[in-house]
2 protein chains.
Amino acid sequence: MGTQQRRAREKEALRQDILDAARELFVKEGYENVSMRRVAEKIEYSPTTIYLYFEDKASLLYAICEETFAKLAKRMEAITRDSQDPIEALRAGCRAYVDFGLKNPNHYKVTFINHPQHPRDDQRHLKEASMGMKAYGNLRAAVEACIRAKKFRQTNVEAVTQLIWAGEHGITSLLITMPNFPWVKKSELIDLMISTLIDGLRA
Amino acid sequence: MGTQQRRAREKEALRQDILDAARELFVKEGYENVSMRRVAEKIEYSPTTIYLYFEDKASLLYAICEETFAKLAKRMEAITRDSQDPIEALRAGCRAYVDFGLKNPNHYKVTFINHPQHPRDDQRHLKEASMGMKAYGNLRAAVEACIRAKKFRQTNVEAVTQLIWAGEHGITSLLITMPNFPWVKKSELIDLMISTLIDGLRA
DNA sequence: CCTTTCACTTAACACTGTTAAGTATACTTC
DNA sequence: GAAGTATACTTAACAGTGTTAAGTGAAAGG
């Protein structure tokens, strides 16, 4: 009777163990530098066992990214909701995005910078999209609020959202991938980016 | 007498052949998807021969990036020099940067996005920096001209340069790594980024 | 002509992601 | 309770990777 449920539960538990082990290794050492054998070793199973739970290495990564993404989306949602002024909401959301990236550089890398795109696997590409769409949707809502409140000269919601995303991403990714570059004070640079974009958009 | 010179010339010729073969493959298929054996096959030498000319695969890449970078720097220099108004010069330079990235996506990827950073090899990191410094210096000069002409509210040359670089990079890298995303018209997005940043900086 | 140097190759190492085949164990059915 | 089957996992292997140590053959120098 309940045996099937118990088995399903045990399977799910191992799936989570794999995910936990992989996440820790990926985040600590980077996706490319972690082999399936290392993940297997960590959970004390044979390497091939992982393939009973995940299609391949990339799937393992995507599963982790989806989790992480949910966290980011949730955080951004909370931040933008708790703010009155739409401009300040947008500013806070942007700041949260960049901070999140800098605090989880390897996650950010595999999700937005490196993400190994399989040749001719469009299915997976859509999955990625759906994963990021939530965070993007949040940003979009914040931008829409600003436009609705007639705070911006530009009225193309999509274009402005993408513009701001690109700005955030530019700074986040550069700070992550080129840590040895002689940057000015990081937090000032981030604020400058956000302020400059908002000022540039202002009505 | 001349034998030594001839040999040196022949060595240099093969070095260039390797570089040419590697560049073509890297640009066409991406650094990660090209093996040393494939490069060797293309030049019809044994794989290990490459190691007589380049320390490792990454060095091969860096050599190619340096070439490409020189081209970008030269182009940007020409563009910013031929312009009268410092703001227009900056705008044109930015546009050239992004266009260059979109036209050489794999080059841009390996140079600014992926660039496989070797663990504990700081020497190489400096080399990278010196490589990019020229293009960065050009941008810096264009920014400095704007500030000198009192066109900008912000007066921190370094911060503004890095800000603009981040903006350019953000849009370039996102357009390259996420080609399936429903972007608004690309050239409009690029122009919007450049204009918004400049407007936001204006005095 | 002999020796040494030089350019290059062969063979191998230690890895990688991934799959096919094999092996116990636990569960179901008689 | 015994036989058969499904399940969960492992072993062995494939085809590939970057890279190195050892070996080869020809050209250059004395």
Side-chain angles (χ1 to χ4, degrees), chain A residues 1-19 21-23 25-26 29-64 110 114-121 124, chain B residues 1-19 21-23 25-26 29-64 110 114-121 124:
Chain A
M1 243 14 36
T3 67
Q4 211 153 24
Q5 292 171 29
R6 195 205 67 214
R7 293 236 275 204
R9 218 166 43 234
E10 280 171 358
K11 259 199 97 115
E12 185 52 37
L14 180 49
R15 205 190 115 96
Q16 262 305 323
D17 285 352
I18 295 172
L19 235 35
R23 180 176 35 249
L25 288 172
F26 287 174
E29 316 193 17
Y31 176 73
E32 322 252 52
N33 304 319
V34 175
S35 72
M36 294 298 259
R37 285 167 176 84
R38 291 260 323 274
V39 177
E41 210 169 279
K42 196 171 172 67
I43 56 168
E44 297 180 294
Y45 279 80
S46 110
T48 52
T49 298
I50 301 175
Y51 289 90
L52 301 173
Y53 294 81
F54 297 92
E55 206 184 8
D56 53 20
K57 199 188 175 190
S59 299
L60 197 45
L61 175 68
Y62 289 137
I64 293 168
V110 297
N114 279 324
H115 70 99
Q117 47 188 335
H118 273 240
R120 59 181 70 236
D121 190 348
R124 191 122 55 179
Chain B
M1 249 348 62
T3 69
Q4 210 153 24
Q5 294 171 26
R6 193 205 66 215
R7 294 235 273 203
R9 218 167 41 235
E10 280 170 359
K11 260 200 99 118
E12 185 52 37
L14 180 47
R15 205 190 116 96
Q16 262 306 324
D17 285 352
I18 295 171
L19 236 37
R23 179 175 38 248
L25 289 173
F26 287 174
E29 316 193 16
Y31 176 74
E32 323 252 52
N33 304 318
V34 174
S35 71
M36 294 297 260
R37 286 167 174 85
R38 291 258 324 274
V39 176
E41 208 169 280
K42 196 172 169 68
I43 56 168
E44 297 180 293
Y45 279 80
S46 113
T48 52
T49 299
I50 301 175
Y51 289 88
L52 302 172
Y53 293 82
F54 297 91
E55 206 184 7
D56 53 20
K57 199 188 175 190
S59 299
L60 197 45
L61 175 69
Y62 290 137
I64 292 169
V110 297
N114 279 324
H115 68 100
Q117 46 188 336
H118 273 242
R120 63 181 69 236
D121 189 347
R124 189 122 58 181

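Here is how names work: the chains are called A, B, and so on, in the same order as the sequence lines, proteins then strands, and each is numbered from 1.
The CG atom of A:N33 sits 12 Å away from the C1' atom of C:dT16 (whole-angstrom rounding). Taking atom CD of B:E55 as the reference point, atom P of D:dG18 lies 16 Å away to the nearest angstrom. Regarding B:F26, its CZ atom lies at a distance of 12 Å from the C1' atom of D:dG18, rounded to whole Å. As a whole-Å value, the separation of B:L60 CG from D:dT19 C1' is 14 Å. What separates CD of B:E32 from P of D:dG18 is a distance of 11 Å, to the nearest Å. Separating the CD1 atom of B:I50 from the P atom of C:dC8 is a distance of 12 Å, rounded to the nearest angstrom. Between the P atom of C:dA11 and the OH atom of B:Y51 lies a distance of 18 Å, rounded to the nearest Å.
For A:T48, the side-chain contact (heavy atoms from CB on, under 4.5 Å) partners at least two apart in sequence or on another chain are A:S46. Every residue two or more places apart in sequence or in another chain was checked for a salt bridge (Lys or Arg N to Asp or Glu O under 4.0 Å) with B:E41, and none qualifies. Checked against side-chain contact (heavy atoms from CB on, under 4.5 Å), A:Q16 has the following partners two or more places apart in sequence or in another chain: A:E12, A:L19, A:D20, A:E67. Shown here are the side-chain contact (heavy atoms from CB on, under 4.5 Å) partners of A:Y53, two or more places apart in sequence or in another chain: A:K11, A:L14, A:R15, A:I18, A:T49. Every residue two or more places apart in sequence or in another chain that forms a salt bridge (Lys or Arg N to Asp or Glu O under 4.0 Å) with B:R38 is listed here: B:E29.
At the heavy-atom level, B:F54 lies nowhere under 4.0 Å from the strands shown. Looking at heavy-atom distances under 4.0 Å, A:L52 makes contact with a base.
Here A:K11 reaches the OP1 or OP2 of D:dA8: one of its side-chain N or O atoms lies under 4.0 Å away. Between B:Y53 and C:dC8 there is a side-chain N or O to OP1 or OP2 distance below 4.0 Å.
Using a 4.0 Å cutoff on non-hydrogen atoms, the parts of residues 36-49 of chain B near DNA chain C are B:R37, B:Y45, B:S46, B:T48, B:T49, ordered by number.
The side-chain tip of A:K57 does not point at the ring of A:Y62 from less than 6.0 angstrom away and within 45° of straight on.
Between A:I50 and A:A40, the shortest heavy-atom contact is CD1-N, 3.8 Å.
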